Amino acid sequence: DTGVSQDPRHKITKRGQNVTFRCDPISEHNRLYWYRQTLGQGPEFLTYFQNEAQLEKSRLLSDRFSAERPKGSFSTLEIQRTEQGDSAMYLCASSPSGGGGNEQFFGPGTRLTVL
Amino acid sequence: AQTVTQSQPEMSVQEAETVTLSCTYDTSESDYYLFWYKQPPSRQMILVIRQEAYKQQNATENRFSVNFQKAAKSFSLKISDSQLGDAAMYFCAYRSPRSFYGGATNKLIFGTGTLLAVQP
């Protein structure tokens, strides 16, 4: 197993365009998370899936953001009508089910730049 | 709401020496988990060490250990015998067992990080 993978690694887009990112979790992990990290800050939680169900979504998350996890495998995060403030690193993580101390394994991230 | 504070934006240590990174948090819960994650430059974040709040014994993983002071809401990371490969951004994180709506949550709440430099 190669760990959590994300695609693309870098994305440059113009303001107002839509972008979509993909995350492939570790195969046996049924929990998947999305975080956003801006420069000089720690990652900020966006949303969480258990299998295909989206169980939690940050109240800070704009309606322009949507995430899916069809069939409980890979996940996509879409940002519509991008704004310059959306520029950040988008991190995906996965973990097995079970106790709260389970490690979340992070992917390398997708760096989004909105011009 | 829970918050995590890392008051040291940058730290520096000589190779083979010991360094301590500070972390404080705020919560009204009695049961929770604390983590230290390491983010090397241009590489993905990895778990360094974790602590369960109901365990009084401080966690240890090889050269990494924590000083968990539950009453003071403090969770510092000690790195002994520092190596060049320890240079990275270190994040302290909190995980609550309950969400705002009372159900289970698995989200991590991170501090702003401490950038550790290791001098040869």
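Please read all numbers here as calculations on a predicted model, not as lab measurements. Side chains are part of it too, since the values below use all heavy atoms of this structure and drop only hydrogens, waters and symmetry mates. Convention: sequence-line order gives letters A, B, ...; per-chain numbering from 1.
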Check your understanding: Looking only at heavy atoms, which of residues 109-120 of chain B get nearer than 4.5 Å to chain A?
Key -> B/Phe110, B/Gly111, B/Thr112

**Study point:** Residue B/Arg63 excluded, over 12 heavy atoms near CZ under 6.0 Å
**Key:** yes

Review point. At a heavy-atom separation under 4.5 Å, does A/Gln37 approach chain B through its side chain, its backbone, both, or neither?
Key: side chain

Revision key, fill the gap. Salt bridge (charged side-chain N to carboxylate O under 4.0 Å, His left out) filter on B/Asp81, not counting sequence neighbours, yields none

Review point. What about B/Leu108 and A/Met89, same hydrophobic cluster or not, with Ile/Leu/Val/Met/Phe/Trp/Tyr joined at side-chain heavy-atom distances under 4.5 Å?
Key: yes

Check your understanding: Hey, quick one: are B/Val4 and B/Met11 part of the same hydrophobic cluster, counting side-chain heavy atoms closer than 4.5 Å, chains of contacts allowed?
Key -> yes

Exercise for review: Answer with yes or no after comparing the ring centroid distance for B/Phe91 and B/Tyr37 against a 6.0 Å cut-off, counting only values under it.
Suggested key: no

Check your understanding: Top residue by heavy-atom pair count (under 4.5 Å) with chain B, among A/Pro43, A/Gly42, A/Gly107, A/Ser58?
Key -> A/Pro43

**Study point:** Aromatic centroids of B/Tyr25 and B/Phe75 separated by under 6.0 Å
**Key:** no

Check your understanding: Between A/Asp86 and A/Arg64, is the closest basic N to carboxylate O distance under 4.0 Å?
Key -> yes

Check your understanding: Under a 4.5 Å heavy-atom cut-off, does chain A meet the side chain of B/Gln39, its backbone, both or neither?
Key -> side chain

Revision key, fill the gap. Rounding to 0.5 Å, atoms CG (A/Asn30) and OG (A/Ser73) come to a distance of 12.5 Å

Point to revise | Under 4.5 Å from any heavy atom of chain B - which part of A/Leu46 | key: neither

